[in-house]
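One structure below.
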Amino acid sequence: MSFKVMSSTRTDIILHVDMDAFFAAVEQRDRPELRGLPVMVGSPPDQRGVVATCSYEARRFGVHSAMPSRTAYQKCPDAIFLPVRMERYQEVSHQIMEVFESFTPWVEPLSIDEAFLDVTGAVRLFGDGPAMARRLKARVRAVTGLTCSVGVAPNKFLAKLASECQKPDGLTVTPFDAAGIHAFLGPLPIERMWGVGRKTKHVLLSHGIRTFSDLQAIPEDRLSPVIGGAAAASFKQRALGVDDRPVGGGQREKSISRETTFSEDVTDFDRVRAALLDLTEDVGRRLRLAGLYAGTAQCKLRWAGFETATRQRPLVPACRDDAHLRQAALDLFARLASTRPVRLIGFGVADLRTTPTAADGQLALDLDGAASDDPKQERVSQTVDALRARYGPRSIRRASSLVN
Ligand SMILES: [Mg+2]
């Protein structure tokens with residue numbers, strides 16, 4: 001039996017997702033009478049302070065984020081000023097991040113309303129970058145009623161530039177080849193470069209550097225004396241669209257876990273077990289999205305009164321299909337279960353790797369001596385993933401015969 005080694009030369013597909021006028025959009029969603037009106041969220045105009053976010057209707061008057069509210073009021077006296085309801089926005093932010101995580105475990109939030117997603121491993125499930133971006137936008141809209149703008153690119157720097165290109169409700173795909181990237185970046189003004197504030201912009205302009213094209217053309221040893229060696233090196237790389245920073249925030253090669261806290265303590269054994277199996281499937285889906293196999297499974301149980309216990313067992317051979325993960329979860333659960341009311345149940349996997357082989361390169365053997373990552377079970381799980389991706393997480397339920 002042979003295993004395909006994941007190609008290390010594949011092109012990454014990175015999305016940058018940015019909600020449109022987030023705070024104002026949430027207010028307009030929650031209060032339909034505000035839709036179509038200039039709305040500013042932030043300090044009231046009679047106080048010192050700034051506009052945190054304003055609706056697109058307000059932007060037409062020349063108002064923008066971080067503008068003093070007093071100035072914003074002068075530009076648009078009919079605007080409706082609303083206080084910041086951060087808790088509300090955080091709630092919605094949580095929903096958005098959950099949508100992102102249904103596409104890939106590698107989500108790096110940049111702020112309350114934007115994130116990078118490394119979706120390279122999710123292509124098989126959701127289609128290519130643009131198809132994935134369209135599907136993600138539709139899902140965000142279905143879940144929150146809000147629009148976002150998405151950039152699709154081979155790296156973080158380009159993805160972030162791209163998401164800003166067609167706001168609101170935009171979808172911009174950058175070129176993925178060096179020549180195309182060069183041409184895409186060329187006309188952009190230098191203030192679009194990361195790390196260029198007002199001061200640096202002024203310095204660059206005074207040396208005749210106005211666009212990325214100018215940065216691409218100027219030799220690094222001429223740029224260094226102007227802005228310093230470190231910035232010069234970084235700007236030169238970025239101007240060519242080079243950015244090797246990985247998307248952080250994922251649990252790459254550590255662990256993947258999910259847990260559920262019940263709204264009231266549960267004594268119904270079947271209900272706890274059903275919740276555990278839901279968690280197990282979610283963990284399995286994340287594993288497959290990440291292209292990883294798990295070598296260890298863990299179950300966690302917290303009883304009323306906060307006493308917590310965990311049990312762990314090796315997965316031999318390492319696996320990522322639902323059937324084996326379920327079996328491990330139920331086995332661990334049987335060791336933990338008691339008649340006491342349950343507050344929380346959790347399932348997780350660790351010892352993650354890109355092939356079912358152990359870290360020393362030896363294919364792990366199960367007790368019967370059979371060496372297998374069970375490709376048939378994995379195909380079943382992947383089919384379920386694909387159907388759920390298309391028709392929603394609840395479209396397929398386990399047959400009760402499977403859980404016994
Ligand atoms: Mg935003």
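Both ligands and their constituent atoms are indexed starting at 1 by order of listing. Since this is a predicted model, take the numbers as computed values, not measurements.
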- Item | Pairs involving residues 133-173, ordered by first then second residue, that meet ring pair (Phe, Tyr, Trp, His ring centres under 6.0 Å) (sequence neighbours left out) | Phe157-Trp194

- Message: Quick check on Asp46: does its CG atom have over 12 non-hydrogen neighbours (other residues, nucleotides or ligands) under 6.0 Å away?
- Response: yes

- Message: Restricting to N, O or S atoms, which atom of Asp18 is closest to the Mg ion (ligand 1)?
- Response: OD1

- So, Met19 and the Mg ion (ligand 1): N/O/S under 2.8 Å, yes or no? yes

- side-chain hydrogen bond (donor to acceptor under 3.5 Å, both in side chains) between Tyr89 and Glu27, intermediate numbers included: CA-CA 9 Å; Tyr89 313 142; Glu27 297 297 346; 2.6 Å; yes

- Query: When the ring centroid of Phe212 is compared with that of Phe235, is the distance short of 6.0 Å?
  - Reply: no

- Item | For the Mg ion (ligand 1), the closest N/O/S atom belonging to Asp113 | OD2

